[in-house]
Asks: 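Dropping a structure here in structure tokens format, bear with me for questions.
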Amino acid sequence: MSGKAKRSSQKIRALEILIRLKRLYPDATCSLTHDSPVQLLVATILSAQCTDERVNKVTPDLFARFPDAESLANADLEELEQLVRSTGFYRNKAKNIRAACRKIVDDFDAQVPGRMEDLLQLSGVARKTANVVLAHAFGINAGVTVDTHVKRLSQRLGFTKHQDPVRIERDLMKLLPQADWENWSIRLIYHGRAICKARSPACEVCQLADICPSANIG
DNA sequence: ATCCCGAGGG
DNA sequence: CCCTCTGGAT
């Protein structure tokens, strides 16, 4: 098959997968609890190498104490560290959250910027976090959110051979219509959590097994 | 490439 | 014990 024909068939397979995942997870959405763009930004920074479930356990106390960019920008670092401690990497996360909020207050009129270019200037924010904020706080499909689940499932499904999240994102952006970029990410994350687990994928009950090159049935 | 880092599962 | 969880900076 020619390269062009191969890409075309991959696109068709990707859309079929998306149809099935929409049926499996019709109400899939961002599962980080938040009341504002800055709270979503902070929750997303905290979600690095940590389940959303655990992030959601610390954010109620965190946002009760520091509800907005101004209070987070002026937070006592030790107190901030203790509030986010159980999410892991807590020194980096606390430092990044405070620094990012200081920049938001100083340079962006205390409002989370709605542009990729600006978000990437905030400490602790790279494309993954920026894509989450743009998609769920601003409704902007700037790219494909590539976290550990999207990376693993996209590889297993045969849609990228790369390891670098930026290259994986580029492959997925070519593969999918822009309107489905965030649909892809959110559904793959749900499916990765429930079925296509890192350690022991449940291929026996996976609804994608018949069109997955990595499926291992019996 | 390496470091940051806690909590839970197997 | 080892691996994984919605990564990012050096």
Side-chain angles (χ1 to χ4, degrees), chain A residues 21 25 27-34 37 39-62 77-104 116-138 141-157 159-160 162-170 172-173 176 180-202:
Chain A
L21 292 179
Y25 312 106
D27 301 319
T29 179
C30 175
S31 36
L32 295 166
T33 44
H34 61 279
Q39 289 189 3
L40 176 59
L41 173 67
V42 169
T44 308
I45 291 174
L46 290 176
S47 73
Q49 300 293 291
C50 174
T51 60
D52 285 9
E53 188 182 355
R54 178 147 298 282
V55 173
N56 290 337
K57 286 183 179 180
V58 310
T59 43
D61 286 345
L62 175 64
L77 193 53
E78 311 272 325
E79 186 181 2
L80 195 51
E81 287 179 354
Q82 290 314 310
L83 282 167
V84 305
R85 189 173 188 282
S86 70
T87 66
F89 298 160
Y90 65 93
R91 291 193 187 89
N92 278 342
K93 288 176 181 177
K95 181 157 48 72
N96 286 335
I97 287 167
R98 192 174 70 168
C101 287
R102 286 185 172 176
K103 190 169 186 62
I104 288 170
M116 174 66 76
E117 174 188 353
D118 293 333
L119 286 167
L120 293 179
Q121 293 178 17
L122 304 174
S123 45
V125 178
R127 288 194 63 90
K128 183 262 170 179
T129 300
N131 277 327
V132 170
V133 171
L134 288 171
H136 295 106
F138 295 95
N141 287 311
V144 181
T145 300
V146 179
D147 63 13
T148 183
H149 291 302
V150 175
K151 173 181 177 180
R152 183 179 70 253
L153 269 68
S154 296
Q155 289 171 336
R156 284 179 177 170
L157 287 165
F159 292 123
T160 182
H162 291 113
Q163 297 293 323
D164 172 24
V166 175
R167 290 187 178 181
I168 294 174
E169 184 181 2
R170 197 182 331 149
L172 296 175
M173 288 169 79
L176 301 158
D180 280 323
W181 285 351
E182 194 56 25
N183 282 326
W184 181 261
S185 296
I186 206 76
R187 262 73 181 196
L188 256 58
I189 289 165
Y190 270 65
H191 197 61
R193 282 202 292 242
I195 306 292
C196 192
K197 301 176 189 178
R199 190 83 63 92
S200 52

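Order of the sequence lines sets the chain letters (A, B, ...), proteins ahead of strands, with each chain counted from 1.
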Asks: Just checking, any donor-acceptor pair under 3.5 angstrom between side chains of A:Ser185 and A:Lys128?
Replies: no
Asks: Given C:dC5, B:dA7, C:dA9, identify the nucleotide with an atom nearest to the side chain of A:Gln49.
Replies: C:dC5
Asks: For A:Leu80 and B:dC5, what is the distance between atoms CG and P respectively, to the nearest whole Å?
Replies: 13 Å
Asks: Take A:Ser123 and A:Cys50, find for each the nucleotide of DNA chain C with the closest heavy atom, and name the residue whose nucleotide sits nearer the 5' end.
Replies: A:Cys50
Asks: Any donor-acceptor pair under 3.5 Å linking the side chain of A:Tyr190 with the backbone of A:Thr29?
Replies: yes
Asks: Is there a donor-acceptor pair closer than 3.5 Å between any side-chain N or O of A:His191 and the backbone N or O of A:Arg187?
Replies: no
Asks: Would you sort out whether A:Lys57 and A:Ser86 count as a side-chain contact (heavy atoms from CB on, under 4.5 Å), showing the intermediate values?
Replies: CA-CA 9 Å; A:Lys57 286 183 179 180; A:Ser86 70; 5.9 Å; no
Asks: In whole angstrom, give the distance that lies between atom CG of A:Leu32 and atom P of C:dG7.
Replies: 11 Å
Asks: Would you classify A:Val146 as touching base, sugar-phosphate or nothing, given that sugar-phosphate means primed atoms plus P, OP1 and OP2, and contacts are heavy atoms under 4.0 Å?
Replies: nothing
Asks: Just call it for A:Arg91: base, sugar-phosphate, or nothing, with non-hydrogen atoms closer than 4.0 Å on any strand.
Replies: sugar-phosphate
Asks: Nearest-Å distance, NZ (A:Lys103) to C1' (C:dA9)?
Replies: 16 Å
Asks: With a 4.0 Å limit, can you tell me whether A:Arg54 has a side-chain N or O closer than that to the phosphate oxygens OP1/OP2 of B:dA7?
Replies: no
Asks: Applying a 4.0 Å non-hydrogen cut-off, can you work out what A:Thr44 is touching in the nucleic acid: base, sugar-phosphate, or nothing?
Replies: nothing
Asks: Can you tell me how far P of C:dA9 sits from CG of A:Leu119, to the nearest Å?
Replies: 12 Å
Asks: If I take atom CG in residue A:Asn56 and atom P in nucleotide C:dC5, what distance separates them, rounded to the nearest angstrom?
Replies: 17 Å
Asks: Ring stacking, A:Phe89 with base of B:dC4, under 5.5 Å and under 30°?
Replies: yes
Asks: C:dC5 phosphate, OP1 or OP2: any side-chain N/O from A:Thr148 under 4.0 angstrom?
Replies: yes
Asks: Does A:Gln155 reach the main-chain N or O of A:Thr160 with its side chain, forming a donor-acceptor pair under 3.5 Å?
Replies: no
Asks: Give the rounded distance in Å between these two atoms: CD of A:Glu53 and P of C:dT4.
Replies: 19 Å
Asks: Quickly work out the A:Leu46 CG to B:dC4 P distance and round it to whole Å.
Replies: 19 Å
Asks: Can you tell me the distance, in whole Å, between the CD atom of A:Gln121 and the C1' atom of C:dA9?
Replies: 16 Å
Asks: For C:dG8, does OP1 or OP2 lie under 4.0 Å from any side-chain N or O of A:Thr129?
Replies: yes
Asks: Give a yes or no on whether the backbone of A:Gln121 and the side-chain of A:Lys103 come within a donor-acceptor separation of less than 3.5 Å.
Replies: no
Asks: Kindly point out which of C:dT4, C:dG7, B:dG8 is positioned nearest to the side chain of A:Ala198?
Replies: C:dT4
Asks: Start at the 5' end of DNA chain B and walk down; is the nucleotide closest to A:Tyr90 or to A:Lys57 reached first?
Replies: A:Tyr90
Asks: Out of C:dG8, C:dC5, B:dG8, which has the shortest distance to the side chain of A:Arg152?
Replies: C:dC5
Asks: Which nucleotide sits closest to the side chain of A:Arg199: C:dC5, C:dG8, C:dC3?
Replies: C:dC3
Asks: Where the side chain of A:Ala48 is defined as all heavy atoms beyond and including C-beta, which of C:dT4, C:dG7, C:dG8 is the nearest nucleotide?
Replies: C:dG7
Asks: What does A:Ser47 touch in the nucleic acid at a heavy-atom separation under 4.0 angstrom: a base, only the sugar-phosphate, or nothing?
Replies: sugar-phosphate
